[in-house]
There are 2 protein chains.
Amino acid sequence: MVGYDVVVIGAGFAGLTAARELVKRGHEVLVLEGRDRVGGRSSTTSLAGVPVDLGGTFVGPTQDAVIALAEELGCPTSPTYHEGANLIRWRGKVRSYRGTIPKLSLLGLLDIGRIQWQVARLSKGVDVAQPWTSAKAKQLDGTSLGGWLRSVGASASSRDLMAIMSRVTWGAEPDEVSMLHAVRYVKAAGGLDRMLDVVGGAQQDHFPGGTQQIAQAMAAELGDRVRLNAVVSRIEWSDDAVAVTSSGGVVEARRVILAIPPAHRLNIDVAPPPPIGYQQLAQRWPQGALSKAYAAYSRPFWRDKGLSGQALSDQGPVFITFDVSPGAGGPGILLGFVDSRGFDALSAEERRRQALAGFAALYGPDAESPVEYLDYCWGAETFAPGGPTAAVPPGVWTEFGHLLREPVGPLHWAGTETADEWTGFLDGAVRSGLRAATEVAAAL
Amino acid sequence: MVGYDVVVIGAGFAGLTAARELVKRGHEVLVLEGRDRVGGRSSTTSLAGVPVDLGGTFVGPTQDAVIALAEELGCPTSPTYHEGANLIRWRGKVRSYRGTIPKLSLLGLLDIGRIQWQVARLSKGVDVAQPWTSAKAKQLDGTSLGGWLRSVGASASSRDLMAIMSRVTWGAEPDEVSMLHAVRYVKAAGGLDRMLDVVGGAQQDHFPGGTQQIAQAMAAELGDRVRLNAVVSRIEWSDDAVAVTSSGGVVEARRVILAIPPAHRLNIDVAPPPPIGYQQLAQRWPQGALSKAYAAYSRPFWRDKGLSGQALSDQGPVFITFDVSPGAGGPGILLGFVDSRGFDALSAEERRRQALAGFAALYGPDAESPVEYLDYCWGAETFAPGGPTAAVPPGVWTEFGHLLREPVGPLHWAGTETADEWTGFLDGAVRSGLRAATEVAAAL
């Protein structure tokens, strides 16, 4: 038995941030990570010699916590390419547009402006920190985003566009996501435009070296305080002591921070068990599903045609693309978000074929012949499978939301799902780690 | 390594039925059960010398599978007491009524008749076996039962009454349950009246010896084919062989039946992992939460006042009661269904106090002094915590429902959640076991 002040479970952005903050304050900390790497839902690999992010990729204005952290650790950002026209593949045709959301005048079908306005108006009444206390909480939580869209008579085009937003944001269909969760989530990101935009929004910048380097730099600072391949199976706690059993043995601490997605909390046997609501919450805070496909070309050829590399498509599997090329001189890299539900079950060859066909439908036949191709299915992960974040169904926030980050004795909760600002993003993860560290430091 | 034809995981009604059926057909079968008992969500203890059921209790007409099984195993039923008037505690007053659902004329406020009619009409269009194919599937699955009730302008009283139905049926609030799931579930039980009634309905009879004896009789037949305390942690499979790792070691089989609730599927590491939809489904098919309180009195004193022992209350924690006394001559036993969400977190003493106060509000001060008292919190179980059955949120049936019982290679799925008739009940569990056994026998 070795005694620590704090054991942190999970070496994602939340857990590492919490550990680092507590070490700064002079506490003895150990981080246990089940995977053989740090970073959690941030994982960087390389394609055609260029670092590419399999998970969290972008940052943007007001994501101050993660930006400050990256700066401190010497990880520079680079603007996401956005010159030229965006494309939309819609109802069988490809057209170009400017800005984030195709405007009414373009398709003549969308009433998306009204929907955006209604979401913004609803969001005014929702308390991000305690959404269950909002006046319309029960009403909004009683239906899904999809149900709400139908109830306000959204057009088929608006619904399809919001479905794309839902897929890329939560990895889930609109009918699966509570309207209260949707409104709260969008508000926590500063509104729909802020959340979806490139310039001035959450996709404004990315890291040429990838996002995982930020986690790696934190882990390097923490040194042997981080143990990989340590799968936590059991926590036994009393008011002032916790024994954490992992595949690496048993360690003791005064406090524990569980920096893992809510759904993953179920995989750890806690004794004595927390009140039933905690387990009910964990059963009802599921991860979404989203995959990514990358293609590398000798150069970003779409730029020659005046295209930004940004596109939306109502036809899968690729439904959103970005240009994440390292620079004008290097190779061209297209990133496509892919609806994982059909895609992940396909053979590797068929996934490649379908993803490249999706790129080609937007950017022409040149897109079918990349120098390298890569895709990644987060659903196949052992830890916190799915992603990018939770898709909370109706009825859950109002019943169980108050327990989301409410400590149980010496057990504290972190992870991007527990954040109030930029929940679901890397920034929310960092903020949740800082909040949990403050909470624990006050209790030690 | 020992080779079996089939390994069944879970010794509840589904697993034991499947095992028994396969043994009858001449196959080598092993049942692995994580608990130290058989029965799953059926568990019988005793109170004042009378067997009482902590879990599944009642049976009724058209529950032919479980009734035939009980008869075959020599477990007799007895009618649930229903002479006299039922009580309803509503808006601060206690009144008596006849029948299952208090009628409009009684309270002058309820439009429950209209709601029942609308649910019945919707259910005609829902295919129980493949609800995702129904014409209105997307629409019904896009909202919750609570959202639907608001959308059709149900009165506050109707909504409160349906909330009681939701709590006792799924252990969940109406806002948490998909309207498609609700309609399908009610249809699978033969309609709202059939599901909620005593006479002619699902509460018509109970087993004087409890329901667990049925599981015990099946287990006795199976003999050393049932292993208790065998917690399954891992399944490795190929097309024609499966290795199942439990706390008792590794066994090999040609096929495996997982007779466990969908949410519990997440606790077993499956390699290679099934397609992502299976894991997404398991994250989205949560168990409800429902507790039970029993009080035993020297005699069923409420019968003297012409009361049936059946009651509804809009005030918790006891919200439905039944008389499950063994007979006119013996002690009187009141069963109360209790909303576990506040209740389970209370101290044992406070739970007793609140439950007895609930009984007394209905049946008078005599109810405060039982000879024995007992309650049970299913949320504290290690295996499949929660119960009585799954509370499926919006959007899940239409996205993932087609995978609910679709085999993955040699892995088959059973459990009451996978049944088309009386899903959620003991009868559905038995039917699912028979179906899975037939499926596996055809594949062997």
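Chain letters run A, B, ... following the sequence lines, proteins first and then strands; every chain starts at 1.
- A distance of 9.0 Å separates CG in A:D175 from OG in B:S178, rounded to the nearest 0.5 Å.
- Each of A:E176, A:Q287, A:Q283 was checked for a side chain to side chain donor-acceptor pair (under 3.5 Å) with B:R284, and the lone residue meeting it is A:E176.
- Of the listed residues (A:A345, A:P393, A:P286), the one with the most heavy-atom contacts under 4.5 Å to chain B is A:P286.
- In terms of heavy-atom pairs under 4.5 angstrom with chain B, the leader among A:D344, A:L149, A:D269 is A:D344.
- With sequence neighbours excluded, the residues satisfying ring-ring contact (aromatic ring centres under 6.0 Å, His included) with A:Y185 are A:W170, A:H181.
- Only the side chain of B:A263 comes within contact range of chain A, with at least one heavy atom under 4.5 Å from a heavy atom of that chain.
- The residue among B:A271, B:G288, B:P272 with the most heavy atom pairs within less than 4.5 Å of chain A is B:G288.
- Residues of residues 137-146 of chain A lying under 4.5 angstrom from chain B, judged on non-hydrogen atoms, are A:K138, A:Q139, A:D141, A:G142, A:T143, A:S144 in numerical order.
- By number of non-hydrogen pairs under 4.5 angstrom with chain B, the leading residue of A:A391, A:P174, A:A289, A:C377 is A:A289.
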